[in-house]
Each structure stands twice: as C-alpha cells, then as structure tokens.
Amino acid sequence: MHPVFQSSRRDFTFGPWKLSAARTHIMKSAQAERLADELHMPSLPEMMFGDNILRIQHDHGFGIEFNATDALKCVNNCQGMIKVACAEEWQESRSEPEHTKEVVKPYDWTYTTDYKGTLLGDTATLKVVPTTEHINTEKLKAREQIMFFEEVLLFEDELHDHGVSSLSVKIRVMPSSFFVLLRFFLRVDGVLIRMNDTRLYHEADKAYMLREYTSRESKISSLKGRCAFVNAQITRQDTGHVPPSLFTEPNEISQYLPIKETICEKLEFPEKMEPKPEASLETTCVKSK
C-alpha cells in the first residue's frame with residue numbers, strides 16, 4: 001500500500017520573489033492513465049505526484065518551477081542502446097522469467113530524466129547563458145539562519161522491487177540567498193546507480209541565478225571492486241569496496257560515482273521588466289538547452 005501524504009502548501013517571500021511549495025496526494029489511476037497517454041508512455045511511476053510543485057517566481061512574472069509532469073517529458077520514451085544494454089544486464093541479474101516482459105517496454109523503464117526545471121514567464125523570462133562560473137560551495141557551508149526550508153517529492157518507483165527511481169526537489173532560504181537541489185536518483189539492484197543533480201543558487205544582490213547540472217553514474221560491480229576516498233584536496237583509489245549499505249543513501253554514495261556530464265549556466269534576469277504577465281511554461285531538459 002502507498003503511504004498517506006498530508007496535503008500542504010507553504011509560501012515564502014524573499015525580496016521580490018515568491019517561493020511556493022505544494023505537497024499533496026498521489027495522482028489517481030484514471031488521471032495517471034490519461035497523462036501516460038499524453039506522454040506516450042505505457043505507464044507512469046508508481047508514486048506520481050502530479051500536483052506537487054516548487055515554484056520560484058519574481059513579482060514581474062519570470063522565474064522557474066519544478067514539477068513531475070515536465071520532468072517526465074524529458075524521459076526518453078524510445079528505448080535507446082544504453083537503455084537496452086542496461087535492461088539486458090538487469091534481466092540477466094534476475095533468474096525469474098516474469099521479468100522478461102518488464103525490461104523490454106518501448107520506453108525508458110528507469111524514468112531517467114535530465115530535467116533542469118521549467119522556466120516561467122511570457123514577455124519576461126530568464127535568459128539561459130553558458131558560463132564557467134560555479135556555485136560557491138564555501139558560502140553554502142557558512143553558518144547562516146535557515147529562514148525557509150521545504151522538500152517536495154515529485155515521483156518515485158520501486159522498479160518492481162528491484163531498485164528505486166525517484167525525483168525530488170528541496171529548497172533552503174537564507175538571509176542573503178536561496179539554494180535549490182533537484183535530484184533524480186536511480187538504483188537498479190545489481191546493475192547500476194545513477195544520479196542527476198541540478199543545483200540552483202541565487203544571491204540577493206545578483207541579477208542572475210547560477211544553475212549547475214551534474215550527471216553521475218557507476219555500475220554496481222565497479223563500486224564493489226574499489227573504494228574511493230575523497231576529500232577537499234585529493235581523490236585516490238584503494239583496495240576494498242564501497243559498503244553496500246551506502247547504495248541506498250544518495251548523499252553518501254554520490255562521492256563514489258564518476259561524473260559523466262557537467263553543465264554550468266547563468267539564468268539572467270530580463271533587462272526590461274514589464275508588468276507581471278500570465279505565466280507560460282518552457283520545460284528545460286539538458287538536451288534542449
């Protein structure tokens with residue numbers, strides 16, 4: 001049985017920004033079936049929170065939000081070679097014949113998404129510009145009052161009890177800035193662990209946000225065959241293995257997963273700010289920006 005979720009909505013004002021976090025119940029089966037048809041997918045994640053959302057909107061209308069539906073639009077619904085290889089490896093790791101059908105569906109059955117958020121605005125929108133500037137993690141480590149914090153689960157699927165695929169977003173607001181982490185986490189037992197993180201950072205005195213997308217991945221066999229010790233100065237390989245207990249802990253396992261892709265961007269504010277318009281949406285996947 002799925003857990004029961006208490007519906008809630010929280011709003012917070014940060015200067016000219018309105019931050020909204022909504023958490024509600026799992027999407028009903030009839031709604032999920034209609035949405036699956038619209039997205040040309042055989043099925044949606046078991047726990048699909050279609051009305052859950054994190055929205056960051058300027059009083060001039062532009063901004064960014066994070067929701068499950070737009071995230072699923074970035075899932076490859078045509079099974080590519082990497083997905084096929086992964087599915088075959090997963091199938092080989094199972095002895096039960098009933099899993100054969102489950103891994104040959106014509107879509108990415110892991111729900112891997114490279115979603116980075118949905119831009120808001122009509123006449124005024126954030127401008128996405130490549131940059132070499134990185135988020136200053138030292139500033140994030142500084143002791144500063146947390147004025148607002150929220151975590152929103154967008155979807156989760158247990159992959160027929162053989163792993164987990166989930167997407168969640170959390171935000172924390174300090175007096176001088178706010179920070180967002182959107183995380184897709186995938187664990188296919190005995191096969192691989194994949195993590196796609198999008199970090200969004202804005203300082204109150206800046207006319208832009210910084211957005212960093214990082215994709216990490218490793219086969220389980222590689223994690224069992226070595227142990228990486230990481231600190232601020234060095235990374236070295238040693239004999240041993242990564243404790244399997246960490247495989248279920250995204251925050252702990254991330255340091256052991258090799259980086260496959262990194263994209264750094266500035267989301268620049270509009271030069272001219274018109275009166276607040278009706279908000280239109282632009283979904284941002286890695287491949288589209």
Side-chain angles (χ1 to χ4, degrees), residues 39 41 44-45 47-49 52-54 56 64-83 85-87 90 107-119 128 130-131 134-135 137 140 151-159 163-171 179-189 191-201 209-220 222-223 230 242 246-265 267 282-289:
L39 298 178
M41 301 175 74
L44 299 184
M47 296 167 57
M48 173 70 180
F49 297 92
N52 282 14
I53 193 169
L54 176 67
I56 303 169
I64 189 169
E65 75 172 35
F66 304 89
N67 66 79
T69 299
D70 287 341
L72 289 177
K73 290 178 182 177
C74 294
V75 172
N76 182 1
N77 59 10
C78 296
Q79 201 174 30
M81 290 304 294
I82 294 177
K83 275 72 177 183
C86 180
W90 182 43
Y107 74 122
D108 183 355
W109 45 271
T110 69
Y111 301 106
T112 294
T113 178
D114 55 13
Y115 178 62
K116 297 191 295 177
T118 301
L119 300 184
V128 181
T131 184
H134 290 267
I135 294 173
T137 56
L140 291 173
E151 183 169 8
V152 179
L153 179 60
L154 300 178
F155 69 71
E156 185 171 323
D157 190 285
E158 294 184 351
L159 305 179
V164 67
S165 173
S166 67
L167 182 70
S168 63
V169 60
K170 56 186 175 182
I171 183 171
F179 176 72
V180 176
L181 172 61
L182 173 73
R183 169 165 288 172
F184 170 79
F185 179 73
L186 170 69
R187 187 191 76 252
V188 182
D189 292 337
V191 181
L192 64 79
I193 295 177
R194 177 182 296 151
M195 188 181 299
N196 293 342
D197 284 348
T198 296
R199 292 173 170 81
L200 188 71
Y201 180 63
M209 302 179 191
L210 287 175
R211 182 168 68 180
E212 291 186 12
Y213 170 86
T214 305
S215 181
R216 300 172 181 267
E217 182 178 317
S218 177
K219 290 185 176 182
I220 297 293
S222 298
L223 294 172
V230 182
V242 179
L246 300 187
F247 294 174
T248 59
E249 302 293 335
N251 290 334
E252 299 296 330
I253 197 63
S254 62
Q255 63 182 310
Y256 301 107
L257 304 178
I259 295 176
K260 300 295 184 180
E261 183 179 21
T262 300
I263 299 174
C264 298
E265 298 168 318
L267 306 187
E282 176 191 342
T283 300
T284 304
C285 309
V286 169
K287 51 184 171 291
S288 66
K289 287 292 183 184

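Start at 1 with the first residue, then count along the sequence. These numbers come from the heavy atoms of this one structure, side chains and all, not from hydrogens, waters or symmetry mates.
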Would you name the heavy atoms of [X] and [Y] that are closest together and state the gap between them?
X: Arg211; Y: Lys116; answer: NH1-O, 3.2 Å
X: Arg194; Y: Glu217; answer: NE-OE1, 2.8 Å
X: Leu246; Y: Tyr256; answer: CD1-CE1, 3.6 Å
X: Tyr115; Y: Thr198; answer: O-OG1, 3.7 Å
X: Phe49; Y: Ala68; answer: O-CB, 3.9 Å
X: Tyr111; Y: Phe184; answer: O-CE1, 3.2 Å

Are any non-hydrogen side-chain atoms of [X] and [Y] less than 4.5 angstrom apart?
X: Asp157; Y: Met48; result: no
X: Phe155; Y: Asn52; result: no
X: Leu223; Y: Leu257; result: yes
X: Leu154; Y: Val152; result: yes
X: Leu72; Y: Pro45; result: yes
X: Asn76; Y: Thr112; result: no
X: Val75; Y: Lys73; result: no
X: Leu159; Y: Leu186; result: yes

What distance separates [X] [atom1] from [Y] [atom2], expressed to the nearest 0.5 Å?
X: Leu153; Y: Ser166; atom1: CG; atom2: OG; answer: 7.0 Å
X: Lys260; Y: Met195; atom1: NZ; atom2: CE; answer: 14.0 Å
X: Ile171; Y: Phe179; atom1: CD1; atom2: CZ; answer: 10.0 Å
X: Glu212; Y: Leu200; atom1: CD; atom2: CG; answer: 10.5 Å

Determine whether a donor-acceptor pair (N or O, by modelled atom type, separation under 3.5 Å) exists between the side chain of [X] and the backbone of [Y].
X: Asn196; Y: Thr113; answer: yes
X: Glu156; Y: Leu167; answer: no
X: Ser165; Y: Thr110; answer: yes

Taking it one step at a time, do Leu39 and Leu44 satisfy side-chain contact (heavy atoms from CB on, under 4.5 Å)?
-> CA-CA 9 Å; Leu39 298 178; Leu44 299 184; 4.1 Å; yes
Step by step, work out the side-chain contact (heavy atoms from CB on, under 4.5 Å) result for Ile135 and Met209.
-> CA-CA 9 Å; Ile135 294 173; Met209 302 179 191; over 6 Å; no
Stepwise side-chain contact (heavy atoms from CB on, under 4.5 Å) check, Val169 with Leu181 = CA-CA 6 Å; Val169 60; Leu181 172 61; over 6 Å; no
